[in-house]
> 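For reference, the structure I am asking about is given below.
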Amino acid sequence: MLDKEGIAKRIAKEVKDGYYVNLGIGIPTLVANFVRDDIEVEFQSENGILGMGPFPFEGEEDADLINAGKQTITALPGASFFDSAMSFGMIRGQHVDLTILGAMEVAENGDIANWKIPGKMVKGMGGAMDLVASAENIIVAMMHTNKAGDSKLLKKCSLPLTGVACVTKIVTNLAVIEVTKNGFKLLERAPGVSVEEIEKATEGKLLVEGDIPEMQL
Amino acid sequence: MIRKTVANVEDALQGVEDGMTFMLGGFGLSGIPENAISELVCLNVKNLTCISNNAGVDDFGLGLLLQKKQIDKMVSSYVGENDEFERQMLSDELDVELIPQGTLAARCQAAQQGFPAMYTPAGYGTEVSQFKETREFDGKMYVLEKAFKADFAFVKAWKGDKAGNLIFKGTARNFNPLMCGAAKITVVEVEELVEPGELDPNQIHIPGIFVQRIFEGKNYEKRIEKRTVRKK
């Protein structure tokens, strides 16, 4: 079974040379730490930067330089700044190659819910609805089950949707899963996790074809 | 050169009244119009509608207006990090319209550029598109979203000249340029106000035509919401 860092590590392998990538808050943010350094990748933050770098050194923080999680960051050589309309223009216009975000629920048709729990304080969708409505390549990073032990990979989302039929891949603490027309297709198992365990933790339709390899991290 | 300067924040906010709709630039606390917000607190105008990506924190930014119950309605994409906001929202004292961030940006830009509305895929199939017109283009569904209408836009830029030409800095740019000219009156505060000719016209982000009033702000706190650093 993977921890959050393990999930980020596995997702980092999906980041290819020449990709512009948008990382959501939480596990997705960790992905940047594990991307191979022999490929060219730029991270976009939707508040207006391409070429986002690591956190600044102590004493070098700049209130005018933050990411979408409002954390202080740095800009790498070759970075650019732009306004929010242009930022979502590059998202909506499908110029960003890969979007990685967290979720509360994903349905077997690719619907995603990650912004609202009725009856609880709602903080808002931020840029998530724009991202999932536009991106062609959306990977969800999340735990396979919630704190109560219930599956987050469902036949149908129970929470208010963020976007419809949009998720392409899911990486959880248990598995790598592709969203297909026919349901969740199991691609890889986390180290030490059996197909049966994954089946048990998946409420939606899980397609298991042949031998399922263990993840290489 | 058409001069856009006003002497101070008091002059810049002339005409602000109860019940108005304001646009306020900024993402989190980055690039917020600190001087205009302080003056709105002083003026104690009430029953405001505020269009702003976020709602500040409890004791800074728009949180200051919320503390004094000056805001009736917020139009935002994300409103975490603010206890008083949460209290007012859950007790129905505050009306909150949450909209996707890209839609917020586009509705500002539409107002600036004379588009009555535009189609976006964001929110299709979710509660955001309820009661809105939807339409298919090339096999994909879109939601019709309307341009904002506002009385004042309060914008923060890094540098500006007396003709109202503006340059923004870093990610403090965010929604600020999109709100210029998107309301009846655009009020810009800058950290540094210079003479016309001092800014390179090639480097201007927003031309002065979109700006009615500009002044040099004072006492910028530029608070950092989440200080994240690494060791040397």
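Since the model is a prediction, treat every value here as computed from it, not as a measurement. Naming convention: chains lettered A, B, ... in sequence-line order (proteins, then strands); numbering from 1 in each chain.
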> With a 4.5 angstrom heavy-atom cut-off, which part of A:V122 approaches chain B: side chain, backbone, both or neither?
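For A:V122, backbone and side chain are both near chain B.
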
> B:Q109 versus chain A, heavy atoms under 4.5 Å apart: side chain, backbone, both or neither?
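Looking at B:Q109, just its side chain touches chain A.
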
> Just so I know, are the side chains of A:F55 and B:R227 near enough to count as touching, which here means a heavy-atom distance under 4.5 Å?
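Counting from C-beta outward, A:F55 and B:R227 never come under 4.5 Å.
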
> Using a strict threshold of under 4.0 Å (side-chain N to carboxylate O), is an ion pair present between B:K232 and A:E58?
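Salt bridge absent between A:E58 and B:K232.
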
> Using heavy-atom distances under 4.5 Å, tell me whether B:V96 contacts chain A through its side chain, its backbone, both, or neither.
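Nothing of B:V96, per the 4.5 Å heavy-atom cut-off to chain A.
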
> Is there a donor-acceptor pair under 3.5 Å between the side chain of A:S84 and the backbone N or O of B:A105?
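Answer holds: no.
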
> Looking at A:E46, A:M129, A:E60, which has the largest count of heavy-atom pairs under 4.5 Å with chain B?
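Option with the greatest count: A:M129.
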
> Quick check for you: to the nearest 0.5 Å, what is the distance between B:T103 atom OG1 and A:F88 atom CZ?
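CZ of A:F88 is found 8.5 Å from OG1 of B:T103.
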
> Please determine whether a side-chain nitrogen of the Lys or Arg among A:K116 and B:E127 lies less than 4.0 Å from a carboxylate oxygen of the Asp or Glu.
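Yes, A:K116 and B:E127 are salt-bridged.
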
> In terms of side-chain geometry, is the basic nitrogen of A:D62 or B:K222 positioned less than 4.0 Å from the acidic oxygen of its partner?
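A salt bridge is absent here (no side-chain N lies under 4.0 Å from a carboxylate O).
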
> For A:A68, which atoms come within 4.5 Å of any heavy atom of chain B: side chain, backbone, both, or neither?
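Both backbone and side chain.
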
> Against chain A, work out which of B:K231, B:K226, B:K169 has the most heavy-atom pairs shorter than 4.5 Å and name it.
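Greatest number of close heavy-atom pairs with chain A: B:K226.
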
> If you measure from CD on A:E61 to CD1 on B:I224, what distance do you get to the nearest 0.5 Å?
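It comes to 5.5 Å.
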
> Checking the side chain of B:T126 only, and the main-chain atoms of A:T162 only, is there a donor and an acceptor separated by less than 3.5 Å?
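Such a contact is absent between B:T126 side chain and A:T162 backbone.
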
> Report, as yes or no, whether the 6.0 Å neighbourhood of atom CD on B:Q130 holds more than 12 heavy atoms from other residues, nucleotides or ligands.
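Result for CD/B:Q130: enclosed.
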
> First locate atom CZ of B:F168, then atom CG of A:D64, and finally report the distance between them rounded to the nearest 0.5 Å.
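Answer rounded to 0.5 Å: 12.0 Å.
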
> Could you tell me which of B:N174, B:N176, B:L104 has the largest number of non-hydrogen atom pairs under 4.5 Å with chain A?
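The residue among B:N174, B:N176, B:L104 with the greatest pair count is B:N174.
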
> Would you mind telling me which of B:S30, B:P100, B:G31 has the largest number of heavy-atom pairs within less than 4.5 Å of chain A?
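Greatest number of close heavy-atom pairs with chain A: B:P100.
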
> Go through the atoms of B:L29 and report whether side chain, backbone, both or neither lie under 4.5 Å from a heavy atom of chain A.
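Answer is neither: B:L29 stays 4.5 Å or more from chain A.
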
> What residue, out of B:S77, B:S76, B:C108, has the most heavy-atom pairs lying under 4.5 Å from chain A?
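Among the listed options, the one with the most contacts to chain A is B:S77.
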
> Among B:T228, B:L98, B:V229, which residue forms the greatest number of heavy-atom pairs with chain A at distances under 4.5 Å?
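Ranked by contacts with chain A, first place is B:T228.
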
> Of all of A:V164, A:I91, A:L131, which one pairs up most often with chain B through heavy atoms under 4.5 Å apart?
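Ranked by contacts with chain B, first place is A:V164.
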
> Of the listed residues (A:N67, A:T72, A:L161), which shares the most heavy-atom pairs with chain B below a 4.5 Å separation?
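Most heavy-atom pairs under 4.5 Å with chain B: A:T72.
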
> With chain A, which of B:G170, B:A55, B:A106 has the greatest number of heavy-atom pairs at distances under 4.5 Å?
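So the answer, after comparing B:G170, B:A55, B:A106, is B:G170.
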
> Taking the six-membered ring of A:F57 as reference, does the cationic atom of B:R230 (NZ for Lys, CZ for Arg) lie under 6.0 Å from its centre and within 45° of its axis?
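Pair B:R230/A:F57 counts as cation-pi.
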
> Between B:F27 and A:K70, is the side chain to side chain contact (heavy atoms under 4.5 Å, CB included) condition met? List the steps.
CA-CA 8 Å; B:F27 185 99; A:K70 287 127 189 167; 3.9 Å; yes

> What residues of residues 187-194 of chain B make heavy-atom contacts with chain A at a cutoff under 4.5 angstrom?
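Listed by number: B:E191.
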
> Tell me, out of A:N47, A:I73, A:L65, who's got the most heavy-atom pairs with chain B below 4.5 Å.
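The option with the most such pairs is A:N47.
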
> If we only count heavy atoms from C-beta on, is the B:V79 to A:M121 side-chain gap below 4.5 Å?
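A side-chain contact under 4.5 Å exists here.
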
> Decide, yes or no, whether a salt bridge links A:D83 with B:R173 under the criterion of side-chain N to carboxylate O below 4.0 Å.
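Looking at A:D83 and B:R173, the cut-off is not met.
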
> Which bit of B:N54 comes within less than 4.5 Å of chain A, counting heavy atoms only: side chain, backbone, both or neither?
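For B:N54, the contact with chain A is made by the side chain alone.
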
> Under 4.5 Å, counting heavy-atom pairs only, tell me which of A:G48, A:A75, A:S80, A:G127 racks up the most with chain B.
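Of the candidates given, the most pairs with chain B belong to A:G127.
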
